[in-house]
2 protein chains.
Amino acid sequence: MEPHEPDLSAVPVTAVLAALADDVRLQIVRALAEGGERACGTFDFGVSKATRSHHLKVLREAGLTRTRAAGTSRLVRLRHDELNKLYPGLLDAVLAPRPPA
Amino acid sequence: MEPHEPDLSAVPVTAVLAALADDVRLQIVRALAEGGERACGTFDFGVSKATRSHHLKVLREAGLTRTRAAGTSRLVRLRHDELNKLYPGLLDAVLAPRPPA
DNA sequence: ACCCTTGTTCGACAACTGTCGAACAAGCTC
DNA sequence: GAGCTTGTTCGACAGTTGTCGAACAAGGGT
């Protein structure tokens with residue numbers, strides 16, 4: 001079964017925002033933004049692997065990430081360019097570590 | 001009782017995103033972005049006034065809007081400048097009617 | 001003073017969401 | 001093939017959220 005990665009333009013804006021509106025998922029996105037491509041297992045944010053898998057699914061189905069199999073692992077990467085094209089500024093705004101006052 | 005309008009910088013990013021991740025609220029924000037200041041009652045998106053009041057509260061407590069009393073009405077406006085300063089690009093990205101491919 | 005208009009607040013209820021452990025699937029290595 | 005590693009899927013459960021009608025509060029107008 002292929003991992004259902006929709007066209008970003010086909011995903012409602014609210015779904016994209018909802019996907020980003022969670023602490024764990026935001027940490028994943030931030031890690032991906034810096035790290036490039038990473039295996040699912042390299043994320044450890046204090047949740048079970050079931051939960052982690054769930055969050056990665058939400059991100060994938062919101063059109064934010066792409067996943068490809070590599071052995072027993074799955075490599076995840078951020079759809080950086082598409083995101084910036086369709087929602088310019090969104091990623092930067094969200095990724096900002098904490099804008100100094 | 002004053003309507004509890006937090007410092008935008010004190011609101012977690014996820015809360016800001018969550019506030020925007022709803023269709024009704026997004027419509028409200030879009031209307032505010034164009035219309036400037038509007039009374040609560042001038043929004044009609046097919047929800048009861050209880051629900052509308054709820055959504056306006058969520059937006060207010062996420063630091064996205066300001067509200068001031070004016071007679072029996074309450075005027076709501078978007079905190080446009082603060083938003084753009086703290087999350088540059090966010091509003092534009094979200095407000096875009098539908099970015100042409 | 002009375003009433004109408006405008007909003008908010010209060011349950012209540014259904015739907016969704018985040019979380020987990022356990023079971024399952026698929027691939028590698030020995 | 002046996003066993004290990006890596007992920008996904010399946011209930012289940014608690015907490016949150018969107019929705020409503022009804023009750024309440026505060027102003028304004030007559």
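Source: prediction; values computed, not measured. Naming: A, B, ... by sequence-line order, numbering from 1 per chain.
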- With respect to the phosphate group of D/dT19, does any side-chain polar atom (N or O) of B/Thr51 fall under 4.0 Å of OP1 or OP2? no

- Note on the structure: Between CG of A/Leu75 and P of C/dG27 the distance, given in whole Å, is 15 Å

- Starting from P on D/dT16, measure out to CG on B/Leu17 and report it in whole angstrom. 19 Å

- Message: Is there a side-chain contact between B/His55 and the phosphate of D/dT19, meaning an N or O under 4.0 Å from OP1 or OP2?
- Response: yes

- Message: According to salt bridge (charged side-chain N to carboxylate O under 4.0 Å, His left out), who are the partners of A/Arg79, at least two apart in sequence or on a separate chain?
- Response: A/Glu82

- Query: Can a cation-pi geometry be assigned to A/Arg38 and A/Phe43, taking NZ or CZ under 6.0 Å from the six-membered ring centre and within 45° of the ring axis?
  - Reply: yes

- Hey, does the side chain of B/Thr72 come within less than 4.0 Å of C/dT6's phosphate (OP1/OP2), counting only N and O? no

- Quick one: A/Leu59 CG to D/dT8 P, roughly how many Å, whole number? 12 Å

- Query: How is B/Ser53 classified with respect to the nucleic acid when contacts are heavy atoms under 4.0 Å: base, sugar-phosphate, or nothing?
  - Reply: base

- Task: Mind listing the closest non-hydrogen atom pair of A/Tyr87 and A/Val16 along with its distance?
- Result: CE1-CG2, 4.3 Å

- Query: Between atom CZ in B/Arg52 and atom P in C/dT9, what is the gap in whole Å?
  - Reply: 14 Å

- Query: Between A/Ala18 and A/Lys49, who's closer to the 5' end of DNA chain C by nearest nucleotide?
  - Reply: A/Ala18

- Message: Short of 4.0 Å, heavy atom to strand atom, which residues of residues 20-27 of chain A count as contacting DNA chain C?
- Response: A/Asp22, A/Arg25

- Query: Which residues in residues 37-48 of chain B have at least one heavy atom lying under 4.0 Å from any atom of DNA chain C?
  - Reply: B/Ala39, B/Cys40, B/Gly41

- Query: If you take all heavy atoms of B/Val11 and B/Pro6, which pair is closest and at what distance?
  - Reply: CG2-CG, 3.8 Å

- Side chain of A/Ala50 (C-beta onward), nearest among D/dC10, D/dC20, D/dG7: D/dC10

- Can you check the B/Arg74 CZ to C/dT6 C1' distance for me, whole Å? 10 Å

- Report yes if the side chains of B/Thr51 and B/Val24 come closer than 4.5 Å at any heavy-atom pair, otherwise no. no

- B/Arg25 side chain to B/Ala18 backbone, donor-acceptor under 3.5 Å: yes

- Query: Are B/Arg60 and B/Glu5 ion-paired here, with the side-chain N under 4.0 Å from a carboxylate O?
  - Reply: no

- Task: May I ask you to test the B/Leu56-B/Thr65 pair for a side-chain heavy-atom distance under 4.5 Å?
- Result: no

- Whole-Å gap separating P (D/dT6) and CG (A/Leu56): 15 Å

- B/Lys57 NZ to D/dT19 C1', straight-line distance once rounded to whole Å: 15 Å

- Query: Less than 4.5 Å apart, any side-chain heavy atom of A/Pro88 and any of B/Asp92?
  - Reply: no

- Value in whole Å for how far the C1' atom of D/dG7 lies from CZ of A/Arg60: 10 Å

